[in-house]
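Quick caveat, the model's predicted, so the values are computed rather than measured.
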Amino acid sequence: MVPPPSINRLKDLPVHLIHQKILPRLPFKYLNRCKCISKEMYSLISTDAEFAAEQSRSADTSSSGLVYMTHSGLSFFSNLTLVGVPDPSLDFLNPNSRDIILVSSTNGLLLLFGEFRGKMSLCVCNPATKDTVFVPNVVGKKYCRIEMGLVYDPCELPDRFTIVDPLLHKQRDGLMYKFDVFHSDTGKWTRSSQSIYIDTISEAAKALCAKGLIYWCCGKYILWYDVKRDIAGSLSLPVIEGKAIKGVTDVGIYAGEITCCRAWSGGIEVWSLTRGSHWDRIHAASWDSMVDALDFCLGMQLRHKSLSDIFYKRRIIRPVGFDGHFVYIAVRVKYEDKTEKLFSWETKTGRVEKKGVITIIGSWRADQAFNYANSMARVPQIFNVTT
């Protein structure tokens, strides 16, 4: 990484270059130092909505990565230091236990569920600034649904966030979804008039936000809901040669676009959703190019067995996320063990590298890894809350 310019040198650079090209890509600790340059710089970094949007959406920002929840708090990969979250333990939330669920992540804000200040509740927080608001529960519900999605756009609507809860109604041959929606500017939950039937038994998981829409992975389908227009629908995941391919799929977001990483018997692939419904394959590799690295790191003789059997029948490998440069792959050493080894596959060079060990709290369906980009955005306040 190229060292950031010194504070003194920043004063001599053009304003537009500082505001649009340099500051949005600096780690959190350097941004904090830049606040002391001037009142204008302090206001830009701390309160400017457009700056916050540029920072959180910048694809090549150094303050980004993937985040997931552990028993000790938030964990980031590939580099916690660059992400710059000052208190990943989340102690600033005053949790009554460490059983905090990371529900969703959008433009630098996290949707969390846990016991805070003696009460089970949802909260929206910015871990970089420690700014937090607590969300009133859905009437009649005493639990959190891990499928809830968070919508927040610091450029278009910096003073508002929305939470969408997909309500599952099982049908004889598939699933029917309705939607409860919370708007921070009203402080109320309302029921959408939309309902969508999906021909699958796989329930919605890992809510993602892109361009004002919430997406959920439902087996071989993507369920979506448009918050602004109050419409919903579904689309199929990528197919190969006209056939749906069985495997392990992770849906994520990069540079404002929905991505799909799939590990299957033929290798690993990365797809990008374009024009709202079209999938483009942007990266692909066979297992043959990775087997030596996995053999060495795991101490297993994979080449003497069927790769398909090793990877899928024993369920020991899954894509975890894609950050634009690397696909992260979690490999379960033992079938019943929750500790997995994390590898990165560099899509440009094909290099596979061991990154460490990860331990999840529950299952990967409940404890997902989300794309995260550090942001100085303020968490919108909740108004007109009724008790």
Q: Determine, stepwise, if the pair Tyr215 / Val251 fulfils side chain to side chain contact (heavy atoms under 4.5 Å, CB included).
A: CA-CA 9 Å; Tyr215 296 85; Val251 178; 5.6 Å; no
Q) Between Ser192 and Asp230, does any side-chain donor sit less than 3.5 Å from a side-chain acceptor? A) yes
Q: Can you measure from OG (Ser344) to NZ (Lys355) and round to the nearest 0.5 angstrom?
A: 4.5 Å
Q) Using a side-chain heavy atom cutoff under 4.5 Å and only I, L, V, M, F, W and Y, what cluster partners does Ile214 have? A) Val151, Val164, Leu168, Leu175, Tyr177, Phe179, Val181, Ile196, Ile198, Trp216, Tyr221, Leu223, Tyr225, Val227
(Q) Quick check: do Leu112 and Leu102 have side-chain heavy atoms less than 4.5 Å from each other? (A) yes
(Q) Taking Met69's backbone N and O only, do any of them form a donor-acceptor pair with Ser75's side chain (distance below 3.5 Å, no angle check)? (A) no
**Q.** salt_bridge(Asp131, Arg378) N-O dist < 4.0 Å
**A.** no
(Q) If we check side chain to side chain contact (heavy atoms under 4.5 Å, CB included) with Cys123, which of these qualifies: Leu110, Val379, Leu111, Leu93? (A) Leu93
Q.
Could you see if Leu213 belongs to whatever hydrophobic cluster contains Ile231? Use Ile, Leu, Val, Met, Phe, Trp, Tyr and a side-chain cutoff under 4.5 Å.
A. yes
(Q) Same cluster or not: Ile163 versus Met120, using hydrophobic residues (I, L, V, M, F, W, Y) connected whenever any side-chain heavy atoms lie under 4.5 Å apart? (A) yes
Q | Hphob cluster co-occupancy, Ile222 + Tyr197, side-chain heavy atoms under 4.5 angstrom | A | no
Q. When rounded to the nearest 0.5 angstrom, what is the spacing between NZ in Lys178 and CG in Asp165?
A. 13.5 Å
Q: Would you give the length of the straight line joining atom CZ of Arg351 to atom CZ of Phe326, rounded to the nearest 0.5 angstrom?
A: 6.0 Å
Q) Heavy atoms, side chains only, cut-off 4.5 Å: are Lys119 and Phe134 in contact? A) no
**Q.** Test item: side-chain donor near acceptor, Ser272 and Thr274, under 3.5 Å
**A.** no
Q.
Quick check for you: to the nearest 0.5 Å, what is the distance between Ser105 atom OG and Ile253 atom CD1?
A. 9.5 Å
Q: Quick one: which residue pairs count as a side chain to side chain donor-acceptor pair (under 3.5 Å) with a foot in residues 86-95, not counting sequence neighbours?
A: Asp87-Ser89, Ser89-Asp91, Asp91-Arg98
Q) Is any side-chain heavy atom of Lys211 closer than 4.5 Å to a side-chain heavy atom of Glu257? A) yes
Q: State, yes or no, whether a side-chain contact exists between Thr347 and Val327 at a heavy-atom distance under 4.5 Å.
A: yes
Q) Should Lys206 and Cys217 count as side-chain neighbours, where that means a heavy-atom distance under 4.5 Å? A) no
Q) Are side-chain heavy atoms of Leu157 and Ser184 found at a separation under 4.5 Å? A) no
Q) Looking only at heavy atoms, what is the nearest atom pair of Asn107 and Tyr152, with distance? A) ND2-O, 2.6 Å
Q: Evaluate the criterion side chain to side chain contact (heavy atoms under 4.5 Å, CB included) for residue pair Thr132 and Phe92; output intermediate values, then yes/no.
A: CA-CA 9 Å; Thr132 306; Phe92 64 91; 3.7 Å; yes
Q | Euclidean distance, Thr249 OG1 relative to Lys220 NZ, rounded to 0.5 Å | A | 12.5 Å
Q. When the ring centroid of Phe182 is compared with that of Trp189, is the distance short of 6.0 Å?
A. yes
Q) Side chains of Tyr328 and Asp323: do they bring a donor and an acceptor to under 3.5 Å? A) yes
Q: Take Asn371 and Leu66 through the side chain to side chain contact (heavy atoms under 4.5 Å, CB included) test and state the conclusion after the steps.
A: CA-CA 5 Å; Asn371 292 81; Leu66 295 168; 3.6 Å; yes
Q: Report the distance from atom OG1 of Thr106 to atom CG of Leu208, rounding to the nearest 0.5 Å.
A: 8.0 Å
Q.
side chain to side chain contact (heavy atoms under 4.5 Å, CB included), that's the test. Do Met148 and Phe113 meet it? Break it down for me.
A. CA-CA 10 Å; Met148 288 183 177; Phe113 178 77; over 6 Å; no
Q) Under 3.5 Å, is there a donor-acceptor pair between the side chain of Arg262 and the main chain of Leu237? A) no
